[in-house]
Every structure is written in structure tokens, then in C-alpha cells.
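Heads up: the structure comes next, in C-alpha cells.
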Amino acid sequence: MDGVGPLIAKKLLHHFGSAEAVFGANFKQLTQLEGIGKKTAEAILNTHALVLAEQELAFIEKHDIQVLFQDDENYPKRLRNCYDAPLLLYYKGTANLNQSRIISIVGTRNATSYGKMLCKQLAELLKPYDVLISSGLAHGIDAAAHRECLALNIPTVGVMGHGLDRIYPAAHRELAAKMIKNGGLLTEFLPGTNPDRENFPKRNRIIAGMADATIVVEASIKGGALITAEIANSYNRDVYAFPGRINDEFSEGCNFLIKTNRAGLINHPQDLIYYLGWDKNIADQIKPIQAELPLNLTKEERIVAEALQIQTFSIDDLSLKTNLPQSKLAMILLTLEMKGLIVALPGKSFRIA
């Protein structure tokens, strides 16, 4: 109802104890509560809440929709910790919204072949990690991420800016139907809510809040993906972005996030696994692939490259592992990087390319 968002609703429930008590309160009782003005009190008193609730319940039961209250076990626990989390969520699907690993992928509606390729690489990389991937079911990067997940049997959830009585954009009806079977659709909006412009920034906070990290693949400087990234930062969640060419409109937002330290730089999808510290957790599940090293390496270059084939090392640990002084090791690492054999990571760490 007008004037009652998540924060006011939480305050009302905390003060009165239940939704029934809120709607049973009089004007004086409502306005005595800090933050509840005359207009908000009148909106609560004049609402047809019970009639609407009956209509909503009939729709929910007919379409097998789960209603998740903030205290429910199945409510996304990561989102629950956000100060402006919705009190209620409407969910249709099979995915566990509290999966041990959840990543959000967002980006422009005008995805290029570069962005779609990155979505494919991300999905392929994340496949072995038992991950849930969320996005916004929009055109462009969102849809590309959802489709790549479905192709690889990765559960994927679309967070919507409208009610579950419709799919927007309509072109994604088939995609949404597939997602319900391996993932789901999630919204805070009542059935009958239109996909109005102002709903999508609200939707973005759910995308950011339900995930461990948000990945921005491609985005313009004024894109909704930057709003999602900003919200994720406000929740103290990890944000990462792929860089692009300086004259590409739909990489401008990513480059800005990286330049202003609002997002970590991802040069390669594997960097994400390093940042999140997931390597050690599935070391026994993924058999390392030994790349064939060129024959024209010096003895010391080969020692370093072979060590990095086994695992990622910081320069300090690599010095201990190879018995090479850091001054000499730094030059060897630079040479191997120039040859395209290794990749430098944040924190002066290195891995095989």
C-alpha cells in the first residue's frame, strides 16, 4: 500500500506484534508510532487488505506459488540480513534459495557477442561448484546467463519487477517456463503488479542481496547493472566486473566500477574462483589439467611453471617452493607472463594460464 515499504512494515509488525493487530489499530495508535504520518495511517485504515489477501491467496494456491515470510526457513538467508529486505517474497520454482553458493550475473540489455561469450565461460566455470545463479530475466546479459545455466543444468533464478501472473518481457515466456523446472522465478510484488519502471531498482536489491557476489559482465555508465553493483556494495557483498575497451559503450560501466574500486577486476572467469576462495573446497573433485609446457624454457622457468601447474601461489610461497630468491623470481614470472603461460592475480599471486 502507498507509504508502507519494507522498513515501515517491519516497524509496524515489531510494534503491534502481528499483521492482524496492525489493521486493527486506530488512527491515534498508528500515528503515535515514529515514522507513521497522517497519510500512511489513513492508507492503512482505508485499505481493503483482507479482500486483497483473499484474492491473492486464491491465485497463489491455483498456481502453486510459495509465499516466503522473512522468518520462514526457505526465505533467502543472505537477503534477510539486508536492512531493506522485503517482508514477503513470492516464489515459483525448484531451486534452493539458500544454496551454499549463489552468484548474481547482471549486465546490459544490449549484450554484445563479447558479453554473451563471457556468460558462457562463467557458466562453464561455475558448473562444478554446485552454484545457483540469479539474474533479472531481462533482455541481454540476464537472458544470456539464464540460458547458459539451463544448457549446463545449473539452477538459475530470475528476479522480477512485477507479479507472478505475467512474464516480462513476454518474449521470455518459454525461458521462464524452463527456469521454473530448474531454478525459479522470484518477486516481492503482488500478482497484478505491472512491470513499472520504478519496480526494477527495487528488484535489483533482491538480486544483490540474495547472492555471495555480483558479477557485472557488460554495462553502460547509466545501466541498471550499476545500480545493482552499488546496492551490493552497500550490503558489503563482493562485486566483480569484466573490463572492456575504453571506447565501448557497454563496457564503460564496468571500467568505471573497476577504476573507482567499486568492483574487483576479472581478467578471466577463473579469477572469480580465486577471489571467492573456492579452489581448495573442491580440489579433490576436479582433476587438474596439466598444460603442455613449451620446450624453449630455461631450467628455472620450467621449475616455476611446473609449480604453478599444480596450484596457485603467492610470490612469497612460490619463492619457498622453488628455492629461488624473489628478485630473480620476479623476472622469471614477468617472462612467463609475457609468454602467455601464467596469469598474475591480485595479492601478487600467480596461476598457470
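Clustering ILVMFWY residues whenever any of their side-chain heavy atoms sit less than 4.5 angstrom apart, transitively, puts Leu190 in the very cluster that holds Leu137. Cluster membership for Ile206 and Tyr75, using ILVMFWY side-chain heavy atoms within less than 4.5 angstrom, is shared. Hydrophobic clustering (side-chain heavy atoms under 4.5 Å, transitive across Ile, Leu, Val, Met, Phe, Trp, Tyr) keeps Ile231 apart from Val239. Under a hydrophobic clustering in which Ile, Leu, Val, Met, Phe, Trp and Tyr are joined whenever their side-chain heavy atoms come within less than 4.5 Å, directly or via other members, Phe313 and Ile352 fall into the same cluster. Note on Val343 and Leu276: same hydrophobic cluster, where clusters join Ile, Leu, Val, Met, Phe, Trp and Tyr whose side-chain heavy atoms are under 4.5 Å apart, directly or indirectly.
Residue Met117 places its CE atom among more than 12 non-hydrogen atoms of other residues, nucleotides or ligands, all under 6.0 Å distant. Other residues, nucleotides and ligands contribute over 12 non-hydrogen atoms within 6.0 Å of the CD atom of Glu198. Asp196 CG: more than 12 foreign heavy atoms inside a 6.0 Å radius. Within a 6.0 Å sphere centred on CD1 of Ile246, other residues, nucleotides and ligands contribute 12 heavy atoms or fewer. Other residues, nucleotides and ligands contribute more than 12 heavy atoms inside 6.0 Å of the NZ atom of Lys92. The neighbour count for Arg109 CZ, taken as heavy atoms of other residues, nucleotides or ligands under 6.0 Å away, does not exceed 12.
Counting all heavy atoms, side chain and backbone alike, Asn204 lies closest to Gly224 at ND2-O, 3.5 Å. Across all their heavy atoms, Leu185 and Tyr91 have their closest contact at O-CD1, 3.2 Å. Closest of all the heavy-atom pairs between Leu132 and Asn96 is CD2-O, 3.5 Å. When every heavy atom of Met160 is checked against every heavy atom of Gly163, the shortest pair comes out as CE-O, 4.0 Å. Summarising the geometry of Thr214 relative to Thr228, their closest heavy-atom pair is CG2-CG2, 4.2 Å, with the distance given to 0.1 Å. Heavy-atom minimum distance, Leu226 versus Gly253: CD1-CA, 3.7 Å.
Using a 4.0 Å cut-off between charged side-chain N and carboxylate O, Glu188 and Arg205 make a salt bridge. We find that Arg351 and Asp271 are joined by a salt bridge, their nearest charged nitrogen and carboxylate oxygen being less than 4.0 Å apart.
In this structure, the side chains of Leu79 and Leu89 come closer than 4.5 Å at one or more pairs of heavy atoms. For the pair Leu126/Ile273, a side-chain contact is recorded, criterion being any heavy-atom separation below 4.5 Å from C-beta on. Between Phe242 and Leu122, the closest side-chain pair of non-hydrogen atoms falls below 4.5 Å. Contact annotation: the side chain of Ser135 never approaches that of Ile207 to less than 4.5 Å [non-hydrogen atoms, C-beta and beyond]. Between Asn110 and Thr112, every side-chain heavy-atom pair lies at or beyond the 4.5 Å cut-off. At least one side-chain heavy atom of Cys119 sits less than 4.5 Å from a side-chain heavy atom of Ile141. Using a 4.5 Å heavy-atom threshold, the side chains of Asn81 and Lys77 count as separate. Looking at heavy atoms from C-beta onward, Asp317 lies in side-chain contact with Ser314 at the 4.5 angstrom threshold.
Taking CG of Asp142 as the reference point, atom OG1 of Thr156 lies at 9.5 Å (rounded to 0.5 Å). A distance of 6.5 Å separates CD1 in Ile102 from CG in Leu97, rounded to the nearest 0.5 Å. One finds the OG1 atom of Thr322 at 10.5 Å from the NZ atom of Lys328 (value rounded to the nearest 0.5 Å). We find the OG-CD1 distance between Ser251 and Ile221 to be 11.0 Å, quoted to the nearest 0.5 Å. Interatomic distance, CG of Leu341 versus CZ of Arg302, reported as 9.5 Å (0.5 Å rounding). From Glu174, atom CD reaches atom CD1 of Ile167 across 12.5 Å, with rounding to the nearest 0.5 Å.
Between Asn98 and Asn74, the side chains place no donor N or O within less than 3.5 Å of an acceptor N or O (distance only, hydrogens not considered). Looking at Ser104 and Ser134, their side chains do bring a donor and an acceptor atom within 3.5 Å of each other. Tyr90 and Asp165 share no side-chain donor-acceptor pair at under 3.5 Å.
Separation of the Tyr275 and Tyr240 ring centroids falls under the 6.0 Å cut-off. In this structure, the ring of His146 has its center no less than 6.0 angstrom from the ring center of His172.
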*Run the numbers on Leu88 and Leu68 for side-chain contact (heavy atoms from CB on, under 4.5 Å), then give the verdict.*
CA-CA 6 Å; Leu88 281 175; Leu68 305 176; over 6 Å; no
*Could you give me the CA-CA distance, side-chain angles and deciding distance for Tyr114 and Phe250, then say whether side-chain contact (heavy atoms from CB on, under 4.5 Å) is met?*
CA-CA 10 Å; Tyr114 168 71; Phe250 299 112; over 6 Å; no
_Test log, rule side-chain contact (heavy atoms from CB on, under 4.5 Å), inputs Val157 and Met179_ = CA-CA 7 Å; Val157 169; Met179 289 169 62; 5.8 Å; no
*Kindly indicate, with the supporting measurements, whether the criterion side-chain contact (heavy atoms from CB on, under 4.5 Å) is fulfilled by Ile180 and Thr94.*
CA-CA 7 Å; Ile180 290 171; Thr94 58; 5.8 Å; no
*Using the salt bridge (Lys or Arg N to Asp or Glu O under 4.0 Å) rule, take Glu301 and Lys339 through it: C-alpha gap first, then chi angles, then the decisive distance, then the call.*
CA-CA 11 Å; Glu301 288 172 352; Lys339 290 180 178 180; 3.4 Å; yes
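Residue Asp212 forms a side chain to side chain donor-acceptor pair (under 3.5 Å) with just one option from Gln99, Arg237, Arg78, Arg101, and that option is Arg78. Checked options Leu297, Ile342, Leu329; the residue passing with Val304 is Leu329 (criterion: side chain to side chain contact (heavy atoms under 4.5 Å, CB included)).
By the 30° and 60° cut-offs, the orientation of the rings of Tyr168 relative to His162 is perpendicular.
Checked by atom type and distance alone, the side chain of Thr108 never pairs as donor or acceptor with a backbone atom of Glu218 at under 3.5 Å. Judged by distance alone, the side chain of Asp238 and the main-chain N or O of Ala213 form no donor-acceptor pair under 3.5 Å. Listed for the Lys127 side chain is a donor-acceptor partner under 3.5 Å among the backbone atoms of Leu152. In this structure, the side chain of Thr260 engages the main chain of Phe256 through a donor-acceptor pair within 3.5 Å. With hydrogens and angles disregarded, a donor-acceptor distance shorter than 3.5 Å links the side chain of Ser319 to the backbone of Leu324. With hydrogens and angles disregarded, no donor-acceptor distance shorter than 3.5 Å links the side chain of Glu337 to the backbone of Leu334. Counting only distance, with no hydrogens or angles, the side chain of Asn233 and the backbone of Ala229 share a donor-acceptor pair below 3.5 Å.
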